[in-house]
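Remember, it's 1-based here, ligands and their atoms both numbered in the order they're listed. Here, residue 1 is the first one in the sequence, and each next residue gets the next number.
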Amino acid sequence: MDGAKPMGIRNVSSICSLTELDDHDLSRLLEKPRLINNIDRQRSFDERSLSELPMLRVRGSYDNFDSMPSPGVRSGIDTPASWDGNSLDPHPIVAEAWKALRRSLVYFRGQPVGTIAAYDHASEEVLNYDQVFVRDFVPSALAFLMNGEPEIVKNFLLKTLQLQGWEKKIDRFKLGEGVMPASFKVLLDPVRKLDTLVADFGESAIGRVSPVDSGFWWIILLRAYTKSTGDLSLAERPECQKGIRLILMLCLAEGFDTFPTLLCADGCCMIDRRMDVYGYPIEIQALFYMALRCASMMLKQDSEGKECIERIEKRLHALSFHMRNYYWLDFQQLNDIYRYKTEEYSHTAVNKFNVIPDSIPDWIFDFMPMRGGYFIGNVSPTRMDFRWFCLGNCMAILSSLATPEQSMAIMDLIESRWDELVGEMPLKITYPAIESHEWRIVTGCDPKNTRWSYHNGGSWPVLLWLLTAACIKTGRPQMARHAIDLAETRLLRDGFPEYYDGKLGRFIGKQARKYQTWSIGGYLVAKMMLEDPSHLGMISLEEDKQRKTLMKRSSSWNC
Ligand code: GLC
């Protein structure tokens, strides 16, 4: 066991605020011996990104930065490569998880290019769980990066970039050039005795929806790779620059939109079946925001890049204003909506989207604590989806779409609604479940999405890494510790299921796969991040100070 473990994590006060963190603490963290000869290149890559390193440093909590392992360098403990079995307290699941993660590796012509969604031989139906999903690979990729194994991530990024270049068609309709696949598969051509690829851009997917999140995850992962390795050359390659621009062209095109949010079909993200997430779902908006910020850091200031960066900046400005104002719900805001007048016309309208107070569901009045808040699921004309969604809220914290105050409030809410959102297995994908008649209408009677199962209020272990990252960023690692402890009582014994069912997440999901790779990767990432919080920098961005000033001005102007 090295000196990294007892870093005072358990002593960190849960009410520390982001503003308490001082620059001195940040600079000390940055002095860590991370890939030493890369640090200067890293600095020139993005000055801002340096200040994005973890914000959890509560005064006096981390006295020993210099002995902390560096990101992109093997974590030191808990990895099969370095764990000798005598170290203090590496949980037995860790070694098993690494074994399972490596077993899920997919090779293309001898090189690892991804991990399959699930390695579940007992399951009678493979469906597409034998494919490499872009979104599913993210936790695997982060685990490999944190363990100092970036090659597979690089291979994955390049392989999926190639796939983006394919012509994509559904029946006679051609999809946008920038669309990234939901998943791909390596097949052996028996004649040529050569590996070939097949990809799915939505044309084979159940429901035929293209994955809006894939492109955003690709950009986010490219930045994580760059940040972790200090290798700028990958993001700077012309084909990567083009790939980023193509993804953004799909989202930044001007049209009939009246909102800066991105309009989507149901099932276009992690929730890839009909679940009433069509419109402007929080998951996509938060990923969009994160991807825009990552892209603006990686795009070169050449003529094409410059124009793109300008459009990104304008969109980020409008998007953060819209989200922070119209998606945010806390006790006060709920009370305001409850008292809304309707049918207001003109610029002076308070109830801008004409939400009818009678449409507020009963459950929210009990669920909303006096202290705390969150970004609701969706906002569009006469519609507010009040459901809580995990991925969008955690990503809002990590991308700093949420203000520091909002980030704290989201964590307050999770803390005070722990039983509902975490229960016995972290973490509810959404809360609450849709039942009875509403379930029939909303899901189209989907038997997989019955109440408290799968996407409809099921508990997904993969979300543990997002919760852990959010906890670390907001200075509440002990909350993550608690969630990880819960997961560790069940995960290995249950064979790393895809999801759990029930109000408390007590039962292995009805149709859950076992050895679901992102449940395995998500657990490892959570574990490694808690052990070495500097890993957070790969996946977290600090608030953009420049935009903060602009925001303040525009919101006061608006009131
Ligand atoms: C399910 C999930 C989706 C995931 C896929 C592969 O369809 O809803 O988010 O990517 O399985 O694991």
Open item on the list: Show me which atoms of ligand 1 lie under 4.0 Å from any heavy atom of Y454.
Closed with: 1 (C), 2 (C), 7 (O), 8 (O)
Task: Atoms in ligand 1 with a heavy atom of M270 nearer than 4.0 Å - done: 2 (C), 3 (C), 8 (O), 9 (O)
- [ ] Could you walk me through whether K448 and D446 pass the salt bridge (Lys or Arg N to Asp or Glu O under 4.0 Å) test, one step at a time?
- [x] CA-CA 5 Å; K448 215 171 164 183; D446 187 347; over 6 Å; no
Open item on the list: Considering non-hydrogen atoms of the protein only, which is the closest contact for atom 10 (O) of ligand 1, and what is the distance?
Closed with: D136 OD1, 2.6 Å
Open item on the list: So, applying side chain to side chain contact (heavy atoms under 4.5 Å, CB included) with I429, which one of N456, V462, L463 is it?
Closed with: L463
Open item on the list: I'd like to check whether W518 has a polar contact with ligand 1, where a contact means an N/O of the residue lying under 3.5 Å from an N/O of the ligand.
Closed with: no
Task: F367 ring center near Y431 ring center (under 6.0 Å) - done: yes
Task: Test of proximity, W460 against ligand 1: N or O pairs below 3.5 Å - done: no
Open item on the list: Looking only at protein heavy atoms, which one is nearest to atom 7 (O) of ligand 1, and what is the separation?
Closed with: D272 OD2, 2.7 Å
Task: Validation row: W388, T430 side chains within 4.5 angstrom (heavy atoms) - done: no
Open item on the list: Within ligand 1, which atoms have a heavy atom of Y129 less than 4.0 Å away?
Closed with: 1 (C), 11 (O), 12 (O)
Open item on the list: Give me the nearest non-hydrogen protein atom to atom 5 (C) of ligand 1 as residue plus atom name, then the distance to 0.1 Å.
Closed with: F133 CE2, 3.9 Å
Task: Proximal atoms of ligand 1 relative to E498 (non-hydrogen, under 4.0 Å) - done: 1 (C), 11 (O)
Task: Close approach of R273 to ligand 1, heavy atoms, under 4.0 angstrom - done: no
TODO: Identify, by atom number and element, the atoms of ligand 1 in contact range of Q516, meaning under 4.0 Å from any of its heavy atoms.
DONE: 12 (O)
Open item on the list: Using a 6.0 Å distance limit plus a 45 degree cone around the ring axis, check whether R383 lies over the aromatic ring of Y278.
Closed with: yes
Open item on the list: Working note: W217 + L287, criterion side chain to side chain contact (heavy atoms under 4.5 Å, CB included); need CA distance, chi angles, decisive distance, verdict.
Closed with: CA-CA 7 Å; W217 281 121; L287 287 171; 3.6 Å; yes
- [ ] Please verify whether a non-hydrogen atom of R513 lies at under 4.0 Å from ligand 1.
- [x] no
- [ ] Verify whether the ring centers belonging to F288 and F216 lie closer than 6.0 Å.
- [x] yes
Task: Atom indices of ligand 1, in the order listed, that fall short of 4.0 Å to a heavy atom of A117 - done: 6 (C), 12 (O)
TODO: Could you walk me through whether D412 and R476 pass the salt bridge (Lys or Arg N to Asp or Glu O under 4.0 Å) test, one step at a time?
DONE: CA-CA 10 Å; D412 285 341; R476 304 184 193 203; 2.9 Å; yes
Open item on the list: Ring centres under 6.0 Å, that's the criterion: do W460 and Y454 meet it?
Closed with: yes
